[in-house]
Amino acid sequence: MAVADQAREYARQHAAEFQEQLYTLLRIPSVSTDPQHKQDMLRAAEWLAAEMRRVGLDKAEVLPTGGHPVVYGEWLGAGENATTVLIYGHYDVQPAEMADGWSSDPFEPEERDGFIYARGSSDDKGQAFIHIKALESYLQTTGKAPVNVKLLIEGEEEIGSENLTNFIQANTERLKADVCVISDSGMPAIDQPSIVYALRGLSYMEIHVRGSKQDLHSGGYGGIVHNPALALAQIISKFHNPDNSIAVPGFYDDVLPLSDEERAELLKNDIRETTLREITGVTQSWGEEGYTLRERQSARPTLEVNGLYSGFTGEGAKTVLPAKAMAKISCRLVANQKPERIYELVRDYVAQITPPTVTSEVRLLNQGDPAIVDIHAPEMQAAVAAYERGWGIKPIFMREGGSIPVVADFRRELGVPVLLMGFGLSADGAHGPDEHFSVEMFRRGIQTAICFLEEAGR
Ligand code: BES
Ligand code: MN
Ligand code: MN
């Protein structure tokens, strides 16, 4: 039997066990943004390191950073001349509470209709765990993997990976690899395997608008003092043109135009209006004229309002004229836009359109570079072959709208090419209530990851 066949058989035999083990990880509420979960973050990291050691990695440790720790494990038994694969994932998850609309406890995984329901099941514990199980399948059968493997699982992806860049810079030798694999994205449908070749970047900002020095009686001052909530709404209303493109001057200057060839490719995998309505529950789609839904969702930049805050939002009525208003906004960016530059453009535009009756300030919270991968690069062939073996059909190439800022860091700091081998589904409900992960996808993902290690060794 070929080496991968033995590993693949092991994974099939142990499928139920693997799922139970994933449940143990999913039960730990490792919410990185909430200081109350600091201990849970550590617990999740320790659990992962112990699991890596248990399945046979040479070493696995929890390493401190300026924030939540990273888990680093390696198996270097293939020898100095063999290929080294660096696998990245994240063990932190978005917040989740029953009150957000969950049908079952977000931290008590439950299988329903072939899906595992739990926060982090798809993003990204389930996907990251796939690689640990692929490695286990080799190490527990033949005792060796076809390539050297380094695993880096971080705890701050959902809050912008602020400390990871430093960690990478301080550990370039340790993290040295020939190729980096990230399973933290999705495909449109389980019967349509796909490889992501571009992710969007991000510029996340806050707009603060101030009027009076403190909240006022809206009877006494309404009509003679400009309400900051209204002023903020007026500012926000100037962010888009009638065709829904972005009105910030210079915003599109650095956008790499789509070639006809790429547009044709993206069209093969367009988002259908009916599917969008079904998944999201909206009455109809929205977006920039002149572009397909897939292009708008992944190949075009956006400016979104993520949150609004002003005045009285409690129960009942309070006749108040608020002193201030705040909006959280973010721009998703595409190659070759620069997050810092976009922040400056938005800041200057807001300053220009702020009425003289209020003051405003735009602050940059976090940022990430867009990423685009050469689909013709040699290492891409290993990913294509792996999906083909895992699915029985060739994968398509697609762009994704989300961001993984560290992708650009890997290339810049380590000079390593990145492969985005995601195993999520667009309908998994990542970041929302009832996030789920397909059991079938979990299994195929492990099979594909096993094949990938073999292909990468060729
Ligand atoms: N896994 C996602 C990124 C993603 C989403 C990739 C959809 C492909 C498709 C990741 O965990 C995420 O949520 N990233 C954040 C980054 C931000 C916090 C800097 C995002 O995209 O909002
Ligand atoms: Mn993720
Ligand atoms: Mn996420």
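Start at 1 and go down the list; that is how both ligands and their atoms are numbered. Every value quoted in this text rests on a predicted model; they were computed, and no experiment measured them.
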From CA spacing to verdict: side-chain hydrogen bond (donor to acceptor under 3.5 Å, both in side chains), R112, S104: CA-CA 11 Å; R112 298 195 295 271; S104 56; 3.0 Å; yes
Face-on cation placement of R444 at F423 ring, 6.0 Å and 45° thresholds: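 Not satisfied by the 6.0 Å and 45° rule.
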Going by heavy atoms in the side chains, are [X] and [Y] under 4.5 Å from each other?
| X | Y | result |
| --- | --- | --- |
| Y343 | Q367 | no |
| Y387 | M187 | yes |
| H436 | I116 | no |
| F251 | Q337 | yes |

Contact atoms of ligand 1, heavy-atom distance to L199 under 4.0 Å: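 In order of numbering, the contacting atoms are 6 (C), 8 (C).
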Ligand-side contact atoms (ligand 1) for residue partner H90, heavy atom cut-off under 4.0 Å: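 Near H90, meaning under 4.0 Å from one of its heavy atoms, ligand 1 has 11 (O).
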Positive for side-chain hydrogen bond (donor to acceptor under 3.5 Å, both in side chains) with S30, one of H37, E158, K125: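 Of the listed options, the one satisfying the test is K125.
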Candidates E295, E265, E262 - the one meeting salt bridge (charged side-chain N to carboxylate O under 4.0 Å, His left out) with R399: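 By the salt bridge (charged side-chain N to carboxylate O under 4.0 Å, His left out) criterion, R399 pairs with just one of E295, E265, E262: E262.
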Write out the residue and atom name of the closest protein heavy atom to [atom], then the distance separating them to 0.1 Å.
| atom | value |
| --- | --- |
| atom 11 (O) of ligand 1 | E157 OE1, 2.6 Å |
| atom 21 (O) of ligand 1 | R332 NH1, 2.8 Å |
| atom 7 (C) of ligand 1 | G402 CA, 3.9 Å |
| atom 17 (C) of ligand 1 | L202 CD2, 3.8 Å |
| atom 8 (C) of ligand 1 | S185 CB, 3.5 Å |

Is the closest N or O pair between [X] and ligand 1 shorter than 3.5 Å?
| X | answer |
| --- | --- |
| N366 | no |
| Q94 | no |
| D184 | yes |
| S403 | yes |

All salt bridge (Lys or Arg N to Asp or Glu O under 4.0 Å) counterparts of E51, not counting sequence neighbours: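 E51 satisfies salt bridge (Lys or Arg N to Asp or Glu O under 4.0 Å) with R54, K133 only.
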Set of residues satisfying side-chain contact (heavy atoms from CB on, under 4.5 Å) with respect to L308, sequence neighbours excluded: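 Listed in chain order: L232, I236, V305, A327.
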Residues which pass side-chain contact (heavy atoms from CB on, under 4.5 Å) with P95, listed by chain and number, not counting sequence neighbours: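 V31, T33.
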F410/Y88 aromatic ring centres below 6.0 Å: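 Yes - the distance between ring centres of F410 and Y88 falls below the 6.0 Å cut-off.
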Q192 and N269 side chains, donor-acceptor separation under 3.5 Å: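 Their side chains do not contain a donor-acceptor pair, so the 3.5 Å distance test is not met.
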Hey, is [X] one of the residues with a heavy atom under 4.0 angstrom from ligand 1?
| X | result |
| --- | --- |
| P405 | yes |
| H431 | yes |
| D124 | no |

Polar protein atoms (N, O or S) that approach the Mn ion (ligand 2) to under 2.8 Å: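 Atoms qualifying: H90 NE2, D123 OD1, D184 OD1, D184 OD2.
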